[in-house]
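Worksheet: the structure to be examined is printed underneath.
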There are 2 protein chains.
Amino acid sequence: MGALGFAPSGATHRAREPSMDFSELKSVCCGCTIRELCLPAGLTDQEVLLLDQHMSHRQPVKKGESLYRTGDTFKSLYAVSTGFFKTSILHEDGRAQVTGFQMAGEILGLDAISADRHVCDAVALEDSVVCEVPFDRFEELGQLMTNLQRRFNRTLSREIVRDQGVMLLLGSMRSEERLAAFLVNLAKRFSARKQSSSELVLRMTREDIGSYLGLKLETVSRLLSRFHDEGLLAVRGRNIQILNADGLNRLVGAA
Amino acid sequence: MGALGFAPSGATHRAREPSMDFSELKSVCCGCTIRELCLPAGLTDQEVLLLDQHMSHRQPVKKGESLYRTGDTFKSLYAVSTGFFKTSILHEDGRAQVTGFQMAGEILGLDAISADRHVCDAVALEDSVVCEVPFDRFEELGQLMTNLQRRFNRTLSREIVRDQGVMLLLGSMRSEERLAAFLVNLAKRFSARKQSSSELVLRMTREDIGSYLGLKLETVSRLLSRFHDEGLLAVRGRNIQILNADGLNRLVGAA
DNA sequence: AGGTTTTTTTGATAAAGATCAAAAAATTGT
DNA sequence: ACAATTTTTTGATCTTTATCAAAAAAACCT
């Protein structure tokens, strides 16, 4: 489990460079550009160092690979360092429901704490890097660092709030509102990561979006075309440019 | 905030008797019949006593009253002792989405940890009693009692799993599957509380059920009538008897 | 108990989104 | 670079569930 796979690509940013050999690098979090969006958020430098040296461990995941699957025993949480994931739960009869899309700084595996087994699949939608956080050691550290434990409680609670937002979306919104809400949310998260909030490069298929939003892929495609015709978006396959952010926001808020 | 309201009704069970004066009673959790379904689950007697004496505090909530509302500052979690609650989030435009129904042993307020504000309304659907758990003291206790903290992490994670189950329901299931899943889930929870799992007394309106399931109240009513006609249920207003549990389960699992 | 309000049921109709189908576009593997 | 595969778009039609409406039933209030 060292630095596997991934050909060097000549980039210079540490956080964007999957091929570096991190096994020698003690302080992964300390130099991470998205530190404040991730588990170390709000910790002092010393605390981050402690978190870092005792537990973090980087691991590449190639596009299409599963980080974990339903039923796997739970050992670690994973913080997305770079890349993009989707999580989905499966119903007996083969139906799947995408429960979320995770980008840099977001934590995967929180649902597995409950029963020591993963209850969803996490699949990389592009070549990605995650920081592995062995949970038993993390819990020990939480007992030593009040601040870390408190932050972690909030992380868990934030996921509950996010999920309830999805419930609102699925339970009360019409298709166009759902899609608008989805795009606005993506844009906001890109923006928080200093990426363009108007030029979205979608990593997931229309089917993934549809599953997440409780719609069929054809409906998603039609809605994107309509938003395009209405001048809200410029849609070129998975490249989506937001032309009228106010208009989108109005769709989300409106009755 | 001692023993407010609620006329005595002559019952003998402590956990079912809202009018008792609990301010003198030090060990609320210790004698609680649903202790193993609640926060103290898995703690030793000594640990429960510690949790109990330092933090629990009982409080009646009358039918129709709010335990807290969206925007209230977060101070405490609440464990339902007896009774029945619903939680709902509101969209700007007045639309509301019911996010859950809580019964004895279940915890209210977990979503508020995230931002120190409640993000939903919690309303009692019948005269109820809750145990108030001041969260700052609870967090301190978690730092002292590893076991409590670990259990609490699981409680939070379990709520995430529950929410994702609702996403599956709302995103991938048809109306009849949703309603069947809802009834099966209620029955299971009643059963865990030693109440009949075939004679359900619903505490919520058809509209509440509809909101939770992403359906209109008329649809819920029609479905109940259909299940009745098909011999799956006996429906008499809010009294619902499950006549064919296997049939219901088949509806939930089937394609 | 009796009048008022709320909730539930049921019917008729409408609308949103699903399904089926097929071509176009994009991506992938070699 | 090219053939194979996957994804996306668009059209025609069908199904499910929402909407509108009104009566029946239940719950509430004083």
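Computed from heavy atoms alone, side chains included, the values below leave out hydrogens, waters and symmetry copies. In the text below, chain A, chain B and the rest are named by the order of the sequence lines, each starting its count at 1.
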(request) Might you confirm whether atom CD of B:Glu218 has over 12 heavy atoms from other residues, nucleotides or ligands at distances under 6.0 Å? (result) yes
(message) Can you tell me if B:Arg69 has over 12 outside heavy atoms packed within less than 6.0 Å of its CZ?
(response) no
Distance check: side-chain N/O of [X] vs OP1/OP2 of [N], anything under 4.0 Å?
| X | N | value |
| --- | --- | --- |
| A:Ser225 | D:dT10 | yes |
| A:Arg238 | D:dT8 | yes |
| B:Thr219 | D:dT17 | no |
| B:Lys63 | D:dC28 | yes |

Which part of the nucleic acid, if any, lies within contact of [X], taking any heavy atom under 4.0 Å across all strands shown: a base, the sugar-phosphate backbone alone, or nothing?
| X | result |
| --- | --- |
| A:Gly214 | sugar-phosphate |
| B:Leu224 | nothing |
| B:Ser221 | base |

(message) In whole Å, I'd like the distance from the NZ atom of B:Lys216 to the P atom of C:dG17.
(response) 12 Å
(request) Answer yes if the ring centres of A:Phe85 and A:Phe101 are under 6.0 angstrom apart, and no otherwise. (result) no
(message) Measuring from the side chain of A:Thr205 (C-beta onward, heavy atoms only), which nucleotide among D:dT7, D:dT10, C:dT10 has the closest atom?
(response) D:dT7
(request) Would you indicate which nucleotide in C:dG17, D:dT8, D:dT10 comes nearest to any side-chain atom of A:Leu215? (result) C:dG17
(request) Please state whether the base of D:dT19 and the side chain of B:Arg222 form at least one donor-acceptor pair under 3.5 Å? (result) yes
(message) If you assign A:Asn239 and B:Met204 each to the DNA chain C nucleotide with the nearest heavy atom, which residue ends up on the more 5' nucleotide?
(response) B:Met204
(request) Return the orientation label for the B:His118 and B:Tyr68 ring planes: parallel under 30°, perpendicular over 60°, tilted otherwise. (result) parallel
